[in-house]
Amino acid sequence: MKKIGVLTSGGDAPGMNAAVRAVVRKAIYEGFEVAGVFNGYQGLIQGKIELLQLGSVGDIIQRGGTMLRSARSPEFMTEEGRKEALRQMKAHQIDGLVVIGGDGSFRGAFELVKMGIPCVCVPATIDNDINGTEFTIGFDSALNTVIDAIDKIRDTATSHERTFIIEVMGRDAGDLALWAGLAGGAETILIPEEGYDMDEIINRLQSGTGRGKKHSIIVVAEGVMSGSALADLLKEKAGIETRVSVLGHIQRGGSPSARDRVIASQYGARAVEVLGEGRGGVAIGMQNHKVVDYDLEVVFAPKDHTLDMGLYKLSKELSI
Ligand code: ADP
């Protein structure tokens with residue numbers, strides 16, 4: 001292993017820059033050269049590759065987004081595209097690759113592993129939905145963004161005595177909705193893992209109103225239904241008026257939290273260590289507060305990233 005490549009791919013997440021910085025600095029510390037691949041797998045196919053130095057990653061640890069930029073690459077999904085990517089890697093003498101992204105990006109890396117390129121994958125997605133790791137880079141920052149929004153919305157909810165529905169990201173995973181809902185003191189949290197019972201939601205709202213409660217916050221993960229669909233249902237079934245706030249892409253932006261910067265630094269450095277040991281086909285993650293590496297195939301096994309249902313139960317108990 002002489003030269004390590006690094007790319008960011010798929011949906012961006014705060015802390016990707018901190019991970020890129022860690023890969024570059026740790027690799028140089030270990031005596032490797034580092035090639036930055038711009039625009040994810042698409043850039044790999046197009047040869048958008050540059051040698052990075054210590055200074056190339058200066059002043060980025062605090063920035064959101066990714067200096068290497070990210071992309072989705074349909075071309076890389078084809079054998080032809082991947083052969084071209086491999087040709088570019090050989091031409092640039094890249095011996096191993098660190099892929100920073102979500103599970104789609106990990107699947108792309110696995111294809112390269114099958115073609116003989118050692119790849120190590122660093123989980124970065126605000127959804128926190130990757131098998132084998134308790135935390136992905138970006139989740140904590142997104143969580144803080146959502147809580148900030150909930151706090152602000154609560155001010156107006158209180159002033160106007162309104163029920164607000166806040167729609168957050170999470171198609172299959174309810175982590176963001178659950179953690180944000182709990183931390184933001186939401187009365188009701190809807191997550192894809194649990195489904196929902198309209199009668200129960202209505203009962204909770206009505207019994208709150210009966211006790212003199214003047215406002216409520218409902219957090220719904222987009223994978224359950226849209227905020228506006230929920231608003232329609234509440235109006236239709238119980239005549240309950242709500243206001244809807246869809247947080248959308250602001251959840252992906254902003255300066256990474258301290259925690260995300262720390263885990264991004266740890267994951268990025270560990271990825272370089274693993275490649276240095278000549279291993280590939282590996283994902284980095286966190287288990288029981290320790291940074292670990294594990295077989296990439298764990299990521300693709302039937303979903304085992306389980307939400308902390310203890311937190312879900314607690315959120316219900318605390319919002320009676
Ligand atoms: P994320 O990494 O955030 O889950 P995507 O699912 O969009 O994002 O995946 C990012 C990119 O990874 C895709 O655009 C594609 O280039 C590559 N990729 C995803 N799945 C595969 C696959 N099965 N085979 C090859 N490449 C893939």
Side-chain angles (χ1 to χ4, degrees), residues 5-17 19-20 23 37-49 64-66 68-89 97-133 135-142 168-176 192 221-223 248-249 251-253 256 260 264 267-268 271 280-285 295-305:
V6 56
L7 61 79
T8 50
S9 165
D12 65 321
M16 277 183 158
N17 270 329
V20 170
V23 170
V37 180
F38 289 80
N39 300 93
Y41 293 121
Q42 194 56 31
L44 192 59
I45 292 169
Q46 294 167 344
K48 289 190 182 168
I49 299 168
T66 159
L68 291 178
R69 298 190 289 281
S70 190
R72 296 208 154 88
S73 172
E75 214 179 327
F76 193 77
M77 307 282 274
T78 67
E79 207 179 319
E80 207 97 308
R82 292 194 294 272
K83 276 191 181 148
E84 182 53 26
L86 191 69
R87 205 188 64 71
Q88 289 286 357
M89 288 183 80
L97 187 66
V98 178
V99 171
I100 303 167
D103 64 348
S105 303
F106 286 20
R107 281 180 199 279
F110 195 55
E111 293 300 319
L112 287 175
V113 170
K114 287 193 247 169
M115 294 162 94
I117 301 286
C119 293
V120 178
C121 297
V122 171
T125 158
I126 66 162
D127 293 335
N128 204 38
D129 61 349
I130 294 189
N131 284 345
T133 183
F135 291 105
T136 59
I137 297 166
F139 172 64
D140 186 65
S141 306
V168 305
M169 283 185 170
R171 274 195 292 269
D172 305 308
D175 294 57
L176 197 53
E222 63 183 339
H249 281 83
Q251 294 164 92
R252 289 232 191 117
D260 272 336
Y267 289 4
V282 169
I284 309 295
D295 207 287
L296 207 41
E297 291 188 19
V298 171
V299 177
F300 312 131
K303 192 174 165 67
D304 87 340
H305 169 76

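Remember, it's 1-based here, ligands and their atoms both numbered in the order they're listed. Remember, predicted model here, so these are calculated numbers, not experimental data.
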Fill in: For Gly102, atoms of ligand 1 separated by under 4.0 Å from a heavy atom
1 (P), 2 (O), 3 (O), 4 (O)
Item to complete: Could you tell me the residue and atom name of the protein heavy atom closest to atom 11 (C) of ligand 1, and the distance to it rounded to 0.1 Å?
Response: Ser9 OG, 3.7 Å
Practice prompt. Report, in ascending order of atom number, the atoms of ligand 1 lying under 4.0 Å from any heavy atom of Asp103.
Written response: 4 (O)
Fill in: Contact summary for Gly10 and Ser105, nearest pair of heavy atoms
N-OG, 3.7 Å
Item to complete: Compare Gly40, Gly10, Ser105 and give the one whose heavy atom is closest to atom 2 (O) of ligand 1.
Response: Ser105
Fill in: Straight-line distance of Thr136 OG1 to Ile126 CD1, nearest 0.5 Å
9.0 Å
Worksheet item: Do the charged groups of Glu111 and Lys114 touch, with an N to O distance under 4.0 Å?
Response: yes
Item to complete: Can you measure from CZ (Phe76) to OG1 (Thr78) and round to the nearest 0.5 angstrom?
Response: 9.0 Å
Worksheet item: For ligand 1, is there an N or O atom under 3.5 Å from any N or O atom of Arg107?
Response: no
Worksheet item: Who pairs with Asp140 by salt bridge (Lys or Arg N to Asp or Glu O under 4.0 Å), at least two apart in sequence or on another chain?
Response: none
Response to the item:
min-distance protein heavy atom vs atom 27 (C) of ligand 1 -> Met77 SD, 3.2 Å
Worksheet item: Near Tyr41, which atoms of ligand 1 are under 4.0 Å from a heavy atom of that residue?
Response: 12 (O), 16 (O), 17 (C)
Discussion item. With side chain to side chain donor-acceptor pair (under 3.5 Å) as the test, pick out the partner of Gln42 among Ser9, Ser73, Ser70.
Written reply: Ser73
Discussion item. Looking at Asp295, I want to see if its CG is surrounded by more than 12 non-hydrogen atoms of other residues, nucleotides or ligands under 6.0 Å.
Written reply: yes
Practice prompt. Would you indicate which of Ser70, Pro74, Ser73, Gly81 comes nearest to atom 15 (C) of ligand 1 when only heavy atoms are counted?
Written response: Ser73
Discussion item. Can you tell whether the side chains of Glu79 and Arg82 come within less than 4.0 Å, N to carboxylate O?
Written reply: no
Discussion item. Tell me the protein heavy atom at minimum distance from atom 5 (P) of ligand 1, and give that distance in Å.
Written reply: Arg72 NE, 3.7 Å
Worksheet entry | Shortest reach to atom 25 (C) of ligand 1 by a heavy atom, considering only Ala124, Gly108, Cys121, Gly104 | Gly108
Worksheet, complete the sentence: Short version for Glu111: what comes under 4.0 Å of ligand 1, heavy atoms counted, is side chain
Discussion item. Using a plain distance cutoff, I'd like to know if Gly11 has any nitrogen or oxygen under 3.5 Å from a nitrogen or oxygen of ligand 1.
Written reply: yes
